[in-house]
Amino acid sequence: MAVIGNLRHRPVRRLTQLYVGLVLYGVSMALMIRSELGLNPWDVFHQGLSRQTGISVGTASILVGAVVLLLWIPLRQRPGLGTVSNVVVIGLAVDATVALLPEDLPLLARICMLVTGIVANGVATGLYLGADLGPGPRDGLMTGLVARRPTSSVRLVRTGIEVTVLALGWLLGGTAGIGTVAYALAIGPLAQLFTPLFTVPPRSTPDTPVVTLAELR
């Protein structure tokens, strides 16, 4: 199994793909924030913290990501370059984009921003996961908890985590709405569509030949 963060194989493409994906992820978050129609569960929590503390949503995202990363220690999860970059880059990108986007737009424009944000989030997820440089801190928390309790399903653990942060974020004043539901319904199929498109093929060896998608059809 390849070491997480190993850059000996196609480093330029993988690094470029990683950081384009993370910046796009932050942009997609900002589009959903400015739509004011609802955010994904973690961003409801980030926005709630922002409203209660006065810090920016991006800063809240960075702080929460850092705390979640600390939770990896007892779970014995190993971060990669993509994991650490995820914590910092997305937060900076969302704050920069929110500052550039207008507020108080008509409903039709806000719906367009919401749809664009959700699709862009799916593309961004495919880009940074496909680079194979480490999962995001929140994904690692989920897989780490599943590894500690093999009888638990990934879907059940993920749902439990996201319902918890959504409820906390809503209580703190984060925006949950139709956008939250739309994101929950769309992000799985979008990630499933885009991740294979952007996955960097592994280095072929005499013992492990590469199987192309065409051969699997």
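Basis for what follows: all heavy atoms, side chains included, without hydrogens, waters or symmetry-related copies.
Separation of atoms CE (Met142) and CZ (Arg138) is listed at 12.5 Å; rounding is to 0.5 Å. Here the straight-line distance linking atom CD1 of Ile90 with atom OH of Tyr128 works out to 6.0 Å at 0.5 Å rounding. One distance of note links CG of Leu92 with OG1 of Thr59; it measures 8.0 Å at 0.5 Å rounding. The OH atom of Tyr183 sits 10.5 Å away from atom CG of Leu39, with the distance rounded to the nearest 0.5 Å.
Between Thr125 and Tyr25, the side chains place no donor N or O within less than 3.5 Å of an acceptor N or O (distance only, hydrogens not considered). Side-chain contact annotation: Glu36 with Thr175, donor-acceptor N/O pair under 3.5 Å absent.
Nearest approach of Ser50 to Ala60, heavy atoms of both residues: N-CB, 4.4 Å. Contact record, Ala176 with Leu166: CB-CD1, 4.1 Å, taken as the closest heavy-atom pair. Shortest non-hydrogen contact noted between Ser35 and Arg110 is O-NE, 2.8 Å. Contact between Gly136 and Thr83 at its shortest, heavy atoms only, is C-CG2, 4.4 Å. Counting all heavy atoms, side chain and backbone alike, Tyr19 lies closest to Ser85 at OH-OG, 2.8 Å. Summarising the geometry of Val88 relative to Ile62, their closest heavy-atom pair is O-CD1, 3.9 Å, with the distance given to 0.1 Å.
If you chain together ILVMFWY residues whose side-chain heavy atoms come under 4.5 Å of each other, Leu171 ends up grouped with Trp170.
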Legend entry - Trace of the side chain to side chain contact (heavy atoms under 4.5 Å, CB included) decision for Asn40 with Val44: CA-CA 6 Å; Asn40 72 62; Val44 173; over 6 Å; no

Legend entry - Chi angles and distances behind the side chain to side chain contact (heavy atoms under 4.5 Å, CB included) call for Leu145, Ile161: CA-CA 10 Å; Leu145 289 171; Ile161 292 172; 3.8 Å; yes

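The cluster map of Ile, Leu, Val, Met, Phe, Trp and Tyr, joined by side-chain heavy atoms under 4.5 Å apart, puts Ile55 and Met29 in different clusters. The hydrophobic cluster containing Val165 also contains Leu71, counting ILVMFWY residues as joined when their side-chain heavy atoms lie under 4.5 angstrom apart, directly or transitively. Put simply, Leu22 and Leu63 are part of two different groups of oily side chains (I, L, V, M, F, W, Y) that touch within less than 4.5 Å, one to the next. In the hydrophobic clustering of this structure, Met32 groups with Ile178; members are Ile, Leu, Val, Met, Phe, Trp, Tyr whose side-chain heavy atoms approach within less than 4.5 Å, directly or through other members. A continuous path of hydrophobic side-chain contacts links Leu133 to Leu197 [ILVMFWY only; heavy atoms under 4.5 Å].
Within 6.0 Å of CD in Gln52 there are more than 12 heavy atoms belonging to other residues, nucleotides or ligands.
Partner of Gln17 under the side-chain contact (heavy atoms from CB on, under 4.5 Å) criterion, out of Leu127, Val12, Asp132: Leu127 alone.
The side-chain heavy atoms of Leu49 and Val64, taken from C-beta on, include a pair separated by under 4.5 Å. By the 4.5 Å heavy-atom criterion applied to side chains, Leu141 and Leu75 are counted as neighbours. Inter-residue side-chain proximity for Ser28 and Ile118 is flagged as unmet; no heavy-atom pair is nearer than 4.5 Å. The side-chain heavy atoms of Thr97 and Ile33, taken from C-beta on, include no pair separated by under 4.5 Å. Between Pro135 and Gln77 the shortest side-chain heavy-atom distance does not fall below 4.5 Å. Two residues are said to be in side-chain contact when any heavy atoms from C-beta on lie closer than 4.5 Å; Leu24 and Asn121 fail this criterion. With a 4.5 Å cut-off on side-chain heavy atoms, Val98 and Val57 do not count as touching. Side-chain contact between Leu105 and Arg34 is absent, with no heavy-atom pair separated by less than 4.5 Å.
Side-chain atoms of Asp43 do not come within 3.5 Å of backbone N or O of His46 as any donor-acceptor pair. One N or O on the side chain of Thr180 and one on the backbone of Gly177 form a donor-acceptor pair closer than 3.5 Å.
Under the side-chain contact (heavy atoms from CB on, under 4.5 Å) criterion, Leu156 pairs with Ser153, not counting sequence neighbours.
Between Trp42 and Phe45, the two ring planes are perpendicular [angle over 60°; tilted spans 30° to 60°].
In this structure, Arg78 is not positioned above the aromatic face of Trp72 in the sense of NZ or CZ being under 6.0 Å from the six-membered ring centre and within 45° of the axis.
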